[in-house]
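Worksheet: the structure to be examined is printed underneath.
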Amino acid sequence: MKKLSPLYQRIYDIAGQVPYGKVISYGQIARMAGCGPRVVGYAMAALKSGSHPGIPWQRVINSQGKVSVHGDGVGNAMQFELLKGEGVSFDVEGRVNDPACWWMGKP
DNA sequence: GCAGTGACTAGTA
DNA sequence: ATACTAGCCACTG
């Protein structure tokens, strides 16, 4: 197991602190981790299946309350399903407009 | 060491 | 409401 940068570890830790049925935006994590929002996205992208179990990366979405598309968009659908299965409210546009589902409130 | 890239955000038109 | 621009920080080649 490779040693990840403290920043990455912090990002993963924050993501792991997100309670069940709640979501958080990249900007919030970036602020808490003390880095730019791109780093958070990169850190999440570095999360490979099986490499870092226990990290609810699916609860990390963009400030628009939508699930960002990445790669082929396959993980995107899974993320949507997972969040829906956790009881997260999605509106007809497929985004979390309910502040109650946001961990620290919508930015 | 420099350049390119990336699951972003906020501001402006 | 959408479209474009600038800023942001870390990783890879």
Side-chain angles (χ1 to χ4, degrees):
Chain A
M1 171 89 176
K2 280 174 67 112
K3 249 175 67 126
L4 289 162
S5 299
L7 184 58
Y8 269 48
Q9 199 165 8
R10 190 151 32 247
I11 292 171
Y12 297 147
D13 184 52
I14 294 165
Q17 289 173 27
V18 180
Y20 180 93
K22 302 246 175 149
V23 295
I24 188 168
S25 61
Y26 291 92
Q28 281 287 3
I29 295 180
R31 244 178 104 72
M32 287 191 279
C35 62
R38 300 222 79 108
V39 182
V40 180
Y42 201 89
M44 291 294 125
L47 275 174
K48 294 181 200 58
S49 304
S51 298
H52 297 278
I55 305 297
W57 54 270
Q58 64 270 24
R59 291 175 193 151
V60 183
I61 57 182
N62 58 22
S63 63
Q64 298 180 2
K66 282 205 302 197
V67 182
S68 302
V69 194
H70 32 111
D72 308 322
V74 180
N76 172 318
M78 179 174 67
Q79 181 173 12
F80 187 83
E81 294 285 320
L82 283 166
L83 289 174
K84 227 166 78 168
E86 291 190 358
V88 179
S89 297
F90 284 95
D91 63 358
V92 293
E93 297 193 26
R95 60 179 173 188
V96 185
N97 208 350
D98 189 349
C101 294
W102 286 84
W103 187 27
M104 285 183 154
K106 203 160 121 252

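The structure displayed is predicted, hence computed values, not measured ones. Just so it is clear: chains get the letters A, B, ... in the order the sequence lines come, proteins before strands, and each one is counted from 1.
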Cut-off 3.5 Å, no hydrogens considered: what does the side-chain donor-acceptor table look like for residues 74-90 of chain A, sequence neighbours left out?
| unit_1 | atom_1 | unit_2 | atom_2 | d |
| --- | --- | --- | --- | --- |
| A/Asn76 | ND2 | A/Ser68 | O | 3.4 |
| A/Gln79 | NE2 | A/Gln58 | O | 2.8 |
| A/Gln79 | NE2 | A/Val60 | O | 3.2 |
| A/Glu86 | OE1 | A/Gly21 | N | 3.4 |
| A/Glu86 | OE1 | A/Arg59 | NE | 2.9 |
| A/Glu86 | OE1 | A/Arg59 | NH2 | 3.4 |
| A/Glu86 | OE2 | A/Arg59 | NE | 3.4 |
| A/Glu86 | OE2 | A/Arg59 | NH2 | 3.0 |

Rounded to the nearest Å, what distance is computed from the CD atom of residue A/Gln64 to the C1' atom of nucleotide C/dT2? 11 Å

Between atom CG in A/Asn76 and atom P in B/dA7, what is the gap in whole Å? 12 Å

Less than 4.5 Å apart, side chain to side chain, heavy atoms only: is that true for A/Trp57 and A/Val18? no

A/Tyr12 side chain reached by A/Met44 side chain, heavy atoms, under 4.5 Å: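 Side-chain contact under 4.5 Å: yes.
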
Hey, does A/Gln79 reach any base, or is it just sugar-phosphate, or nothing, if we go heavy atoms under 4.0 Å?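 Base, at least one base atom sits under 4.0 Å.
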
Under 4.0 angstrom, heavy atoms only, what part of the nucleic acid is A/Val40 near: base, sugar-phosphate, or nothing?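 A/Val40: no heavy atom of the nucleic acid under 4.0 Å.
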
Within residues 18-30 of chain A: residues closer than 4.0 Å to DNA chain C (heavy atoms): none

Who passes side chain to side chain donor-acceptor pair (under 3.5 Å) against A/Asp98, sequence neighbours left out? none

Output all residues satisfying side chain to side chain contact (heavy atoms under 4.5 Å, CB included) with A/Gln64, sequence neighbours left out; order by chain, then residue number.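 Partners of A/Gln64 by the side chain to side chain contact (heavy atoms under 4.5 Å, CB included) criterion, ordered by chain and then number, come out as A/Asn62, A/Lys66.
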
Partners meeting side chain to side chain contact (heavy atoms under 4.5 Å, CB included) with A/Arg31 (sequence neighbours left out):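 With sequence neighbours excluded, A/Arg31 shows a side chain to side chain contact (heavy atoms under 4.5 Å, CB included) to no residue whatsoever.
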
Tell me, which pairs form a salt bridge (charged side-chain N to carboxylate O under 4.0 Å, His left out) where one or both residues lie in residues 11-26 of chain A, sequence neighbours left out? none

Shorter than 3.5 Å, N or O on both sides, protein versus nucleotides 6-13 of chain C: list them out with atom names.
| unit_1 | atom_1 | unit_2 | atom_2 | d |
| --- | --- | --- | --- | --- |
| C/dC11 | OP1 | A/Ser5 | OG | 2.8 |

Who else is in the cluster with A/Tyr20 when I, L, V, M, F, W and Y are joined by side-chain contacts under 4.5 Å? none

